[in-house]
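One-based numbering, in listed order, for ligands and for the atoms of each.
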Amino acid sequence: MASLRVVLLGPPGAGKGTQAKLLREQFEACQVSTGDILRKAVADQSPLGKEASAFIKRGDLVPDSVIVKLVAERLNEKDCAPGFILDGFPRTIPQAQSLEEILQKMGLGLQAVLLVQVPHTVIVERLAGRRTCKNCGALYHLNFNPSTKESICDRCGGELQQRDDDREETISARLKVYDNQTAPLVDYYRQRGILREIDGVGNVEDIRHRLIKTLEDRAT
Ligand code: AP5
């Protein structure tokens, strides 16, 4: 298996988490989802969770200093030694600059930043129908990828739930935050010559193939 050191960039609901899990099966890399780490911390009521909870509920970004520390620690864990797929980080220019510093210290560089592009209308439909297993984190969608038994995870039998921040008013707040604070990263990485743009509309398998093809083209 080839190793991978990439960022998955894209708006909420673009399918970053879905595709990160699939790439992880095909490449030697850990998945670093800052959203998943924060939600677990909130559920565990840890100090990090208590600090992050209000930001997530409002659809705002958690402060850069908190996130950067969390990612630096995660990247030093054993399963990230062969490679990593960053899903939901970086989300601001200062986070991207910190990532460069972290990787420099580790003697590593990013291979590519994969921008998954999806229009806002598709995003709202994807987020409103998303359901997540409370127990194992598996992702479902009420229309596009429903579980066999309503509200029950096919994989582990856990209960499926809707994320607090997938309510309509929070979705629009998250989209504004993306446009204002995260979209500037597109130019940031384009200028560095590592941005690759992928059409994120279509079924999950088609998009997986587009991502793999983009990664293969990069290697040649
Ligand atoms: P986070 O969890 O990172 O949320 P996000 O970036 O808004 O992304 P999502 O998880 O909503 O979407 P996704 O692109 O992963 O899509 P998914 O694959 O699930 O962050 C949550 C919050 O944490 C933030 O708002 C912030 O407060 C905080 N945070 C996190 N990182 C931070 C950072 N770096 N700095 C500061 N704060 C941070 O797919 C969505 C749905 O669509 C699913 O139901 C899926 O089944 C379905 N689907 C996926 N692909 C397809 C397809 N091709 N066709 C049909 N359905 C599809």
Side-chain angles (χ1 to χ4, degrees), residues 7-24 31-43 48-49 51-72 74 85-96 98-99 114-133 137-147 153-154 160-167 170-183 185 198-211:
V7 168
L8 278 179
L9 183 64
K16 304 182 296 295
T18 301
Q19 296 298 332
K21 286 179 177 60
L22 294 171
L23 286 175
R24 201 182 47 187
Q31 177 190 3
V32 180
S33 162
T34 41
D36 285 350
I37 296 170
L38 292 170
R39 277 184 292 279
K40 180 167 186 317
V42 172
L48 168 66
E51 190 173 358
S53 169
F55 292 99
I56 297 174
K57 271 199 186 123
R58 287 197 304 268
D60 281 340
L61 295 183
V62 173
D64 289 339
S65 55
V66 175
I67 294 289
V68 167
K69 184 167 177 282
L70 179 159
V71 172
R74 179 71 185 95
I85 303 159
L86 293 171
D87 155 19
F89 177 91
R91 255 178 154 97
T92 62
I93 301 275
Q95 287 185 17
S98 298
L99 175 63
L114 304 164
L115 172 65
V116 184
Q117 291 178 306
V118 180
H120 282 197
T121 44
V122 174
I123 287 170
V124 174
E125 196 184 7
R126 284 192 188 171
L127 293 182
R130 171 166 53 193
R131 295 295 181 271
T132 312
C133 176
L139 282 169
Y140 295 87
H141 191 282
L142 291 179
N143 306 321
F144 306 130
N145 178 28
S147 57
C153 178
D154 290 346
L160 302 187
Q161 61 181 4
Q162 182 172 32
R163 267 170 50 175
D164 273 353
D165 60 349
D166 278 348
R167 294 205 193 89
T170 321
I171 292 174
S172 59
R174 286 163 63 201
L175 287 172
K176 277 194 196 122
V177 167
Y178 178 81
D179 289 341
N180 293 334
Q181 301 191 53
T182 307
L185 288 176
I198 291 102
D199 179 4
V201 180
N203 68 45
V204 169
E205 200 47 26
D206 287 344
I207 294 157
R208 186 176 78 86
H209 284 298
R210 284 175 209 155
L211 283 165

So do the side chains of Gln19 and Val204 get within less than 4.5 Å of each other, counting heavy atoms only?
yes
Phe55 six-ring centre to Arg58 NZ/CZ under 6.0 Å and within 45° of normal
yes
Between Gln162 and Leu127 (side chain of the first, backbone of the second, donor and acceptor by atom type, cut-off under 3.5 Å), is there such a pair?
no
So that I can tick it off, tell me whether Asp166 and Arg174 are bridged by a salt bridge, with the cut-off set at under 4.0 angstrom between side-chain N and carboxylate O.
yes
Are the side chain of Arg24 and the backbone N or O of Ile85 linked by a donor-acceptor pair below 3.5 Å?
no
Exercise: identify the closest heavy-atom pair between Val7 and Leu99:
CG2-CD2, 4.2 Å
Could you name the protein residues that come within less than 4.0 Å of ligand 1, counting only heavy atoms, and order them by chain and residue number?
Pro11, Pro12, Gly13, Ala14, Gly15, Lys16, Gly17, Thr18, Thr34, Gly35, Leu38, Arg39, Ile56, Asp60, Leu61, Val62, Ile67, Gly88, Phe89, Arg91, Gln95, Arg126, Leu127, Arg130, Leu139, Tyr140, His141, Phe144, Arg163, Asp165, Arg174, Gly202, Asn203, Val204, Ile207
